[in-house]
Amino acid sequence: MSRFWRPGSEKPTAAIVEDEEGGVLFLPTSTSSSSSSGFGYASLERQRQLLPVYKYRKAILYLVERHATTIVVGETGSGKSTQIPQYLKEAGWAEGGRLIGCTQPRRLAVQSVASRVAEEVGVRLGEEVGYTIRFEDQTNPGMTMIKFLTDGVLIREMMEDPLLTKYSVIMVDEAHERSISTDMLLGLLKKIQRRRPDLRLIISSATIEARSMSTFFNIRRKNSMLESADRLPNPEPAILSVEGKGYTVEIHYVEEPVSDYLQAAVNTVLIIHEKEPPGDILVFLTGQDDIDAAVKMLNEEIQHRGRHYLDLLILPLYSGLPRGDQGVVYVVDSGFSKQKCYNPLSHQYPRHPQGKEQAELGGCDRESALEEFYLKEMQPEGIPEMQRSNLVSCIIQLKALGIDNILGFDWPASPSPEAMIRALEVLYSLGILDEDAKLTVPLGFQVAEIPLDPMISKMILSANNFGCSDEILTIAAFLSVQSVWVSMRGVKKEFDEAKLRFAAAEGDHVTFLNIYKGFHQSGKSSQWCYKNFLNHQALKKVIDIREQLVRIIKRFGIPLTSCDRDMEAVRKAIIAGAFANACHLEEYSQNGMYKTIRTSQEVYIHPSSVLFRL
DNA sequence: CGTGACTCT
């Protein structure tokens, strides 16, 4: 390896341009804009050097040394996520037992980036290079130098260590996604920076939202600090733009809008398989049900077409599944994504969230009018999630970190006062906050420590009064996974029968207890799940969450007690947490209409409930 | 008779 630039040594000779906001902007010095496609069988080291980010190695290290915050803008594929942490380690940022942290919004990304980096560094995952996600800590204290983690885990770590003293640098990746936890993390890191001027932040983003990020992180230091200012990093953020992708991307558009986007995506996959050279194909769809449906459709096609379709291996990939291997060549992007939209007054999620009526689809050979549509009409980013979400969990976490003035918190995107007040109301009515909006003792602090929706946490803590913590922990774990039922297309009758085997007259919560019992008796068998139309993966997650909850309540000194068949106790505990959602049946309604007590909102029992039409 | 946005702790 050639020489590394170390912090404190002479600055690199790259083109530096002062930008209007006082940050430093590096422009690419290389004139060759050619991008190589594919890395062939080059060595790992050679592959690293071919990544676009490699040209900016010195610049990045220089900026991180000199600036408290560095904003790195670069397209997917530039190598930011895998390379920058390694550059930092090579430059000495992990020396003296310090950690280089790199956050990702999703668990899958944490695992795959971490294992790639471990491979490049040439170490076993979990040693010098590790990762932490919920239920899985692959780090070795005293040994780990680069640690990948979800931003949610880093926020949790702040409860133990509010200034994150173990970290010398924290890189927040995918900041352009503006997820609740990323935005919250950015706000908290800004606060930490005031107390820890030595901490370096790297904000990594795929889009030029860099300017607003830069304004957000621009902290004016007080005069009292001027004396030591020459030893401290510049508080004004630096912006660095990484040009290039590292591989070529050809984009093809459909010529006309398609009526069935799923069928169109499936057809495109078949065309690529038939006509293009071999390679893995990644298809982006909006959710688990569409993914499962597409897998089924493709497998049926393989059955029909036979022969040279038999080597087509169809694999689903979503959060609920274990990680699949990488190595993608073709991408089919349906252009649709699902978003939540929260109304603080009605507390409802609209069934059809805002979105484009027409989808784009890669795969055909010619450019078309739809390309223009794609470029003009499809917004790259929407309203940050923070501004369209229920803030109950978010507020309680900030409170637990000692941030009392929620309305005055410095958010990257401030939520509406209505949404904040609604969340404060709910927390107050649950007894989690007092009249001064402070966490109550012990309830509020305990709720903050439980990694669940505060309503469910309240349910758990109330269960102690009714002697049913055993049952309520099971119910809480079920309420924390998507759905334990597998999606059924075409086998409705058998599905309904399977469900009836577990159905309880008391409702869905008690039904969960029956499923849990059955799953345990089966020895957690996946065969048993398959027979009963249950999602094995989801039930294993229920077990994991339940185990985590058992550990937490034991720490609080709450015993695990069962009420046996006393479902009255279970119902009382549920109501203690969920009373804000109480409704009453409209007596004269023909169609089983209920109205919420709080706002007289019309509601109906969901068709997936065991109480539907009873 | 008739449905379920996606993450994260």
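By convention in this document, chain letters (A, B, ...) are assigned in the order of the sequence lines, proteins followed by strands, and residues within each chain are numbered from 1. Everything quoted here is computed from the prediction, not taken from an experiment.
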Please state how far atom [atom1] in [X] lies from atom [atom2] in [N], giving the value in whole angstrom units.
X         : N      : atom1 : atom2 : value
Trp485(A) : dG2(B) : CH2   : P     : 21 Å
Asp290(A) : dG4(B) : CG    : C1'   : 11 Å
Leu534(A) : dG4(B) : CG    : P     : 20 Å
Glu385(A) : dA5(B) : CD    : C1'   : 11 Å
Met593(A) : dC1(B) : CE    : P     : 21 Å
His606(A) : dG2(B) : NE2   : P     : 13 Å
Ile383(A) : dC6(B) : CD1   : P     : 20 Å
Arg107(A) : dC6(B) : CZ    : C1'   : 15 Å

Centroid-centroid distance, Phe148(A) to Tyr131(A), less than 6.0 Å | no
Salt-bridge present (Lys147(A), Glu157(A); N to O < 4.0 Å) = yes
In terms of side-chain geometry, is the basic nitrogen of Asp161(A) or Lys166(A) positioned less than 4.0 Å from the acidic oxygen of its partner?
-> no
Against the side chain of Asp496(A), the closest entry in dT9(B), dG2(B), dC8(B) is dG2(B)
Applying side-chain contact (heavy atoms from CB on, under 4.5 Å) to Arg555(A) and not counting sequence neighbours gives Glu449(A), Ile552(A)
Partner set under side-chain contact (heavy atoms from CB on, under 4.5 Å) for Ala476(A), not counting sequence neighbours = Leu452(A), Ile456(A), Ile460(A), Leu549(A)
Considering just the side-chain nitrogens and oxygens of Ser393(A), establish if one lies under 4.0 Å of OP1 or OP2 belonging to dC8(B).
-> no
Should Arg156(A) be listed as having a side-chain N or O under 4.0 Å from OP1 or OP2 of dC8(B)?
-> no
Which is true for [X] with a 4.0 Å heavy-atom rule: it touches a base, it touches only sugar-phosphate, or it touches nothing?
X         : answer
Ile133(A) : sugar-phosphate
Thr150(A) : sugar-phosphate
Arg134(A) : base
Gln548(A) : nothing

